[in-house]
Amino acid sequence: MRRTTGVGVGLALTAVLAAGCSGGDGDEGGDGGQRTPKAGESTRAPRDSTAAPAKGSAKVIGTVAEGLDSPWGLAPLPGGDLLVSSRDSGKITHIDGDSGKKTEAGTVPGVEPGGEGGLMGLAFQPGDDRMLYAYLTTASDNRIVRMMYDPEKEPGRRLGAPSTVLKGIPKGTLHNGGRIAFGPDKMLYAGTGESGEKGLAQDKKSLGGKILRMTPDGEPPGQGNPEADSVVYSWGHRNVQGLDWDDDKRLWASEFGQDTWDELNRIEPGGNYGWPQAEGKSEEKRFKNPVEQWRTADASPSGLAVARGSVWVAGLRGERLWRIPLDGAEPAAEPQAFLQGKYGRLRTVVADPSAKDELWLVTSETDGRGSPEKGDDRILRVKIR
């Protein structure tokens, strides 16, 4: 049986480090399997009392909504309601956090879905739950737009006309990135893909295969980036779809590999993360090594959230939720896997800001690569420790 639907299911836990990436031309190929330890490798243990516990837990305690079409981005609203984007329809839906009632907010014009592209990441500008940002694929590129969101208007007409914040991000059938988030510095960050053209990741003049940092108006911040007149923050990425910060304002990102390793990276301004010359850990000093890596099919990491001292990563082909406990800027212990195969492909994970020990987890069975069952796709509420 592929998975068990419903809430209150048991957990699937692995205490070994598995590693997973995406093989072939897309982001989800290859065979699964556990990681083979390297010679002389030892199991890590927390180094001090501030580290996250080596063992944690993750339990689904409820289904917030179901029957969603290709859900991708998730933006929390005050009070626990949510906005969710549909990659393939270009629609944004309001989800009542208590009842799960779905109300169409509107359709974003100009979205041209195809392959891994469409309407993807969502984010509200800090302190303003009316100014909604979205990452989307058009006929010519990937871009970031913003629009007013007015919950008082009638269903289907709650979105204002979008204005372009940043355009010219390369698009492709594959590797469009798509995650956006506002950082602790109130700057807007975006994870992009190299659109299948590997060389773009090392081309600092291209916006593809990068993590971008910009003002809310889409301009270079003037300071904090490697070059004052550029929005490029880090490069050498294949396809970044997860971004979040820990309590010490360190940026973490999840990234799809190709044939060997998927990655969890700690992002530093001006860092070169190696693609396409390096996939996973490398001996090349000019490249930043991932903090963790997973073998093909054990991850295909999309969304990422930091909560309770751990990084939580949603796996698509891996069909599991990974927990990486932190000790400062390093892992405190081996990663753990939860919910393996229980709900199918997992696209997005977001920490609930009002409940420090709960996550929202979005499934991705209706994106053309899953095996949807009755009720798919859904948003789950997960209790963590």
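Taking all atoms of both residues into account, the shortest heavy-atom contact from Thr138 to Lys171 is O-NZ, 3.0 Å.
Between Asp367 and Arg369 there is no salt bridge, since none of the side-chain N atoms of the basic residue sits less than 4.0 Å from a carboxylate O of the acidic one. No salt bridge links Arg378 with Glu365; every basic N to acidic carboxylate O contact stays at or beyond 4.0 Å. The pair Lys249-Asp185 fails the salt-bridge criterion, with no side-chain N (NZ, NE, NH1 or NH2) lying under 4.0 Å from an Asp/Glu carboxylate O. Salt-bridge formation is not detected for the pair Asp150/Arg157: no Lys NZ or Arg NE/NH1/NH2 atom is positioned less than 4.0 Å from an Asp or Glu carboxylate oxygen. Using a 4.0 Å cut-off between charged side-chain N and carboxylate O, Lys101 and Asp81 make no salt bridge.
The backbone N or O of Ile267 lies less than 3.5 Å from no partner atom in the side chain of Asn265, so there is not a single donor-acceptor pair. A donor-acceptor pair is defined here as one N or O able to donate and one able to accept, closer than 3.5 Å; such a pair exists between the side chain of Glu279 and the backbone of Thr260. For the pair Trp312 (side chain) and Ala307 (backbone), a donor-acceptor distance under 3.5 Å is present. No donor-acceptor distance shorter than 3.5 angstrom exists from the side chain of Asn239 to the backbone of Phe256, with no hydrogens or angles considered. Of the possible polar contacts, none joining the Arg143 side chain to the Lys167 backbone as a donor-acceptor pair under 3.5 Å is found. Proximity of a side-chain donor or acceptor of Asp327 to a complementary backbone N or O of Ala332 within less than 3.5 Å is not detected.
Of the residues Asp246, Asp244, Leu326, Val349, the one that meets the side-chain contact (heavy atoms from CB on, under 4.5 Å) test with Val311 is Leu326. Of the candidates Glu263, Glu194, His175, His175 is the only one forming a side chain to side chain donor-acceptor pair (under 3.5 Å) with Arg238. Screening Arg286, Lys288, Gln202 for a side chain to side chain donor-acceptor pair (under 3.5 Å) with Asn272, the sole residue that qualifies is Gln202.
Remark: the Asp377 side chain and the Thr366 side chain contain an N/O donor-acceptor pair separated by less than 3.5 Å.
Arg130 CZ: more than 12 foreign heavy atoms inside a 6.0 Å radius. Few gaps surround CG on Asp217; more than 12 heavy atoms of other groups in view lie less than 6.0 Å from it.
When side chains are defined from C-beta on, Leu243 does not count as touching Leu304, because their heavy atoms never get closer than 4.5 Å.
Classified by interplanar angle (parallel below 30°, tilted 30° to 60°, perpendicular above 60°), the ring pair Tyr233/Tyr189 is perpendicular.
The CZ atom of Arg323 sits 5.0 Å away from the CD atom of Gln336 when rounded to the nearest 0.5 Å.
Residue Phe124 is found in a hydrophobic cluster whose other members, listed by chain and number, are Leu77, Leu83, Ile92, Val108, Val111, Leu119, Leu122, Leu132, Leu136, Val145, Met147, Tyr149, Leu159; membership requires side-chain heavy atoms under 4.5 Å apart, directly or through intermediates. Cluster partners of Leu200, using a side-chain heavy-atom cutoff of under 4.5 Å among ILVMFWY residues and allowing indirect links: none.
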Step-by-step side-chain contact (heavy atoms from CB on, under 4.5 Å) determination, Leu68 to Ile95: CA-CA 10 Å; Leu68 298 169; Ile95 307 294; 4.1 Å; yes
